[in-house]
Amino acid sequence: QVQLVESGGGLVQPGGSLRLSCAASGSIFSINGMGWYRQGPGKQRELVAGITRGGSTNYADSVKGRFIISRDDAKNAVYLQMNSLKPEDTAVYYCNAAARSSRYSAYLEVWGQGTLVTVSS
């Protein structure tokens, strides 16, 4: 079984920066796509950024040019560098990955527990 644990959330002023980290642990054979989602107050969960195993990335229009997603396969980790933060970026951020525990098992979608990011003065 694979678990994801996020870290790096907190309170930041508008215009500031934060870096979120997510580490996978457990019985990991391989990880395919990884990504970050967020759910703001009263809103549905939405994709923020995704990264494939080959390193291709995609971003929500609202964060393009401000957020950067990256991954370190040696550490089974994915990161989200968030710059020029705005109050509307306030949300619980969730890490997501498609992982499998052996070469014979299917990829399963795994979610972290979430980390709160609050952008406020």
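Side chains included, hydrogens not; waters and symmetry mates left out as well; all remaining heavy atoms used.
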S.K.: Between NZ of Lys75 and OG of Ser25, what distance do you get to the nearest 0.5 Å?
M.R.: 15.0 Å
S.K.: Check whether any side-chain N or O of Tyr59 sits under 3.5 Å from a backbone N or O of Ile69 as a donor-acceptor pair, and report yes or no.
M.R.: yes
S.K.: Assess the residue pair Asp89 and Lys86 against the criterion (salt bridge (Lys or Arg N to Asp or Glu O under 4.0 Å)); give the C-alpha distance rounded to whole Å, side-chain angles, the decisive distance to 0.1 Å, and a yes or no.
M.R.: CA-CA 5 Å; Asp89 294 318; Lys86 305 175 181 180; over 6 Å; no
S.K.: Among Val63, Leu80, Thr90, Val117, which residue satisfies the side-chain contact (heavy atoms from CB on, under 4.5 Å) criterion with Arg38?
M.R.: Val63
S.K.: Passes side chain to side chain contact (heavy atoms under 4.5 Å, CB included), Glu88 versus Ser62? Steps please.
M.R.: CA-CA 10 Å; Glu88 51 263 43; Ser62 59; over 6 Å; no
S.K.: Locate the shortest heavy-atom distance separating Cys95 from Val78; write the atom from each residue and the value.
M.R.: SG-CG1, 3.6 Å
S.K.: Hey, which of Tyr94, Trp111, Tyr93 is the one that makes ring-ring contact (aromatic ring centres under 6.0 Å, His included) with Tyr37?
M.R.: Trp111
S.K.: If you take all heavy atoms of Ser17 and Asn83, which pair is closest and at what distance?
M.R.: OG-OD1, 3.0 Å
S.K.: Side chain to side chain contact (heavy atoms under 4.5 Å, CB included) between Trp36 and Glu6: does it pass, once the steps are laid out?
M.R.: CA-CA 10 Å; Trp36 290 93; Glu6 303 103 332; 3.8 Å; yes
S.K.: Mind checking the CZ-CG spacing from Phe67 to Leu20? Nearest 0.5 Å is all I need.
M.R.: 8.0 Å
S.K.: Please determine whether residues Met82 and Val92 belong to a single hydrophobic cluster, defined as Ile, Leu, Val, Met, Phe, Trp and Tyr linked transitively by side-chain heavy-atom distances below 4.5 Å.
M.R.: no
S.K.: Looking only at heavy atoms, what is the nearest atom pair of Ile51 and Arg71, with distance?
M.R.: O-NH1, 3.4 Å
S.K.: Please report the closest heavy-atom contact between Ser105 and Arg100, naming both atoms and the distance.
M.R.: O-CD, 3.4 Å
S.K.: Run through Ile31, Val2, Leu4 and flag the one making a side-chain contact (heavy atoms from CB on, under 4.5 Å) with Asn76.
M.R.: Ile31
S.K.: From Glu109 CD over to Asn32 CG, what is the distance, rounded to the nearest 0.5 angstrom?
M.R.: 12.0 Å
S.K.: To the nearest 0.5 Å, what is the distance between OG1 (Thr52) and CG (Asn58)?
M.R.: 9.0 Å
S.K.: Which heavy-atom pair separates Pro14 from Ser121 by the least distance, and what is that distance?
M.R.: CD-N, 3.7 Å
S.K.: Please determine whether side chain to side chain contact (heavy atoms under 4.5 Å, CB included) holds for the pair Cys22 and Tyr79, giving the CA-CA distance in whole Å, both sets of side-chain angles, and the decisive distance to 0.1 Å.
M.R.: CA-CA 6 Å; Cys22 172; Tyr79 309 96; over 6 Å; no
S.K.: Which atoms form the tightest heavy-atom contact between Ser101 and Ser27, and what is the distance?
M.R.: OG-O, 2.9 Å
